[in-house]
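Below is one structure, written out as structure tokens; comments come after it.
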Amino acid sequence: MPCIVIVGGFYGDEGKGKVIAYLAKKDNYSIAVRGGVGPNAGHTFVDEGKMYKVRMLPSAALNRSTRLLIGPGVLINPEILLKEIETFNASDRTFVDAQCGIIDQKHIEKDNLEDHLKGFIGTTGSGTGPANADRAFRLLKLAREIDVLSLYLEDVSSSVNFALDNKENVIVEGTQGTFLSLYYGEYPYVTSKDVTASGICSDVGIGPKKVDDVLVVFKSYVTRVGGGPLQDEVSREEAEKRGWLEYGSVTGRERRSSPFDMNLAKKAIRLNSATQLAITKLDVIFPETSGIREFNKLSEKAKKFIQNIEAETGVKVILIGTGPELNDIIDRRI
Ligand code: IMP
Ligand code: MG
């Protein structure tokens, strides 16, 4: 399994951060490379009681033997990146592509002041949309022009392709979720780029034939933050009762929620050509599964929930999240 791509199957916040951090610890990739939009994403994971959050670095950051790369399709906020490099003590193993676009203060202001973006779309306000617009205008500054990044510059696609040609293991990390894609989501309630597996591969510079597995991550229920349609959305009160009420990790906004959506899941599997699935937060919909690490120990209804997803989609669920800690997971590969 030299090259695995991980993407979200719904609207972001499926729990990719935890899944990636677990895999990185377990499978020891030589490279973790981040694709996706930029610091509008927030990946959270908890290891040995400590909570970590990354908006720029790959979520594999805890594994000290993994090189952390950011592909040229990703926008960088240098301030956020440098802080994370410090938090994870990762200055000797972080590399950003010289052609990554740079978010500056005016992009952030525009994202927060323009009613179309902040009010109507409900963006995260992190400046990614306006920066990608400037990139399309060919006006955006690139990482190679920024002094504080000079230490970290690399030709990321060459490094990734070289590693793959040498049969090293690489994990390619997507951000956001399939239905926030600029092309495949419900426009205009989308982010500023394609975030399906093909888009993520393009962000880091690998062709489709280099990918061995595409792991699509779904949460046991669906959440969405910001505007846009959400099939079978439950009321805030109902969400609170079910334990589904979450808050955005970047903006702190309340997330809207709905039950697991099989049709959406099937569509995400097609769009990403999923070969494997992960289902997170099973313990939220079936509290009795909390902390369980073996499939056979799940309750009958929890097993049925997973088996039904496999039967309906024809794709195997290899990882099941049963709690916030990295190790609160059922790994069905072992
Ligand atoms: P933008 O990506 O900040 O422009 O926001 C566009 C839409 O995508 C808004 O609805 C955001 O709430 C949503 N969005 C962007 N990134 C994420 C994410 O990482 N998780 C969840 N929603 C996101
Ligand atoms: Mg998130």
Write down the atom of [X], the atom of [Y], and the distance for their closest heavy-atom approach.
X	Y	result
Val46	Pro324	CB-O, 3.7 Å
Leu277	Ala274	CD2-CB, 4.1 Å
Thr44	Ser249	OG1-CB, 3.9 Å
Pro72	Arg135	O-NH1, 3.3 Å
Asp203	Gly36	OD2-N, 2.7 Å
Leu180	Gly12	CD1-N, 4.2 Å

Charged N to carboxylate O below 4.0 Å: is that the case for [X] and [Y]?
X	Y	result
Arg236	Glu254	yes
Asp13	Lys219	no
Glu246	Lys281	yes
Glu154	Arg67	yes
Lys118	Glu109	no
Lys50	Glu48	no
Lys266	Glu312	yes

(Q) If you apply the rule side chain to side chain contact (heavy atoms under 4.5 Å, CB included), what do you find for Ser157 with Ile206, and how did you get there? (A) CA-CA 7 Å; Ser157 73; Ile206 53 170; over 6 Å; no
Backbone N/O of [Y] and side chain of [X]: donor-acceptor pair under 3.5 Å:
X	Y	result
Ser258	Leu230	no
Asn77	Pro39	no
Thr178	Gly8	yes
Thr280	Gly321	no
Asn272	Ala197	yes
Lys193	Gly73	yes
Asp331	Leu319	no
Asp111	Gly127	yes
Arg256	Ser235	no
Glu173	Val33	no

For residues [X] and [Y]: do they belong to one hydrophobic cluster (side chain heavy atoms under 4.5 Å, members Ile, Leu, Val, Met, Phe, Trp, Tyr)?
X	Y	value
Val284	Ile279	yes
Leu68	Val170	no
Val96	Val204	no
Ile309	Ile330	yes
Ile121	Leu75	no

Q: Any pair with a residue in residues 143-197 that passes ring pair (Phe, Tyr, Trp, His ring centres under 6.0 Å), sequence neighbours left out, goes on the list, sorted by first then second residue, please.
A: Phe120-Tyr189
A quick test of your reading: do over 12 heavy atoms of other residues, nucleotides or ligands sit less than 6.0 Å from [atom1] of [X]?
X	atom1	result
Glu86	CD	no
Lys53	NZ	yes
Glu310	CD	yes
Lys303	NZ	yes
Lys267	NZ	no

**Q.** Audit row: Glu238, Arg242, salt bridge (Lys or Arg N to Asp or Glu O under 4.0 Å) steps and yes/no
**A.** CA-CA 6 Å; Glu238 183 60 27; Arg242 297 185 189 190; 2.6 Å; yes
[atom1]/[X] to [atom2]/[Y] distance, rounded to the nearest 0.5 angstrom?
X	Y	atom1	atom2	answer
Asp97	Leu69	CG	CG	8.5 Å
Glu288	Ser299	CD	OG	3.5 Å
Leu57	Arg34	CG	CZ	8.0 Å
Ile320	Ile292	CD1	CD1	10.5 Å
Thr191	Tyr11	OG1	OH	14.5 Å
Phe95	Leu153	CZ	CG	10.5 Å

Scan the side chains in residues 140-151 for donor-acceptor partners under 3.5 Å anywhere in the protein, sequence neighbours excluded, and list what turns up.
unit_1	atom_1	unit_2	atom_2	d
Arg144	NH1	Gln99	OE1	3.0
Glu145	OE2	Leu142	N	2.9
Ser150	OG	Asp147	O	2.8

Q | Option from Ile20, Leu62, Asp47 for which side chain to side chain contact (heavy atoms under 4.5 Å, CB included) with Lys25 holds | A | Asp47
Q. Which of these passes side chain to side chain contact (heavy atoms under 4.5 Å, CB included) with Val315: Val317, Thr313, Ile318?
A. Thr313
With no hydrogens and no angle check, just 3.5 Å: does a side-chain donor-acceptor pair link [X] and [Y]?
X	Y	result
Ser181	Asp194	yes
Asn63	Asn28	yes
Asn161	Lys210	yes

Q.
Arg64 vs Asn89, test: side chain to side chain contact (heavy atoms under 4.5 Å, CB included). Steps then yes/no.
A. CA-CA 9 Å; Arg64 299 205 49 80; Asn89 194 7; 4.0 Å; yes
(Q) Please evaluate residues Arg293 and Asp328 with respect to the criterion side chain to side chain contact (heavy atoms under 4.5 Å, CB included), reporting the C-alpha separation (whole Å), side-chain torsions for both, the decisive distance (0.1 Å), and the verdict. (A) CA-CA 6 Å; Arg293 294 173 189 186; Asp328 290 335; 3.1 Å; yes
Q) Would you say Ile329 and Lys18 make side-chain contact, with heavy atoms under 4.5 Å? A) yes
(Q) Contact between Ser192 and Val37 at the side-chain level, heavy atoms closer than 4.5 Å - yes or no? (A) yes
Q: Before giving the answer on side chain to side chain contact (heavy atoms under 4.5 Å, CB included), spell out for Ile108 and Ser126 the whole-Å C-alpha distance, their side-chain angles and the decisive distance to 0.1 Å.
A: CA-CA 5 Å; Ile108 295 172; Ser126 48; 6.0 Å; no
**Q.** Partner of Phe260 by ring pair (Phe, Tyr, Trp, His ring centres under 6.0 Å), out of Phe286, Phe10, Tyr221
**A.** Phe10
Q. So, for Tyr22 and Phe45, is the gap between ring centers shorter than 6.0 Å?
A. no
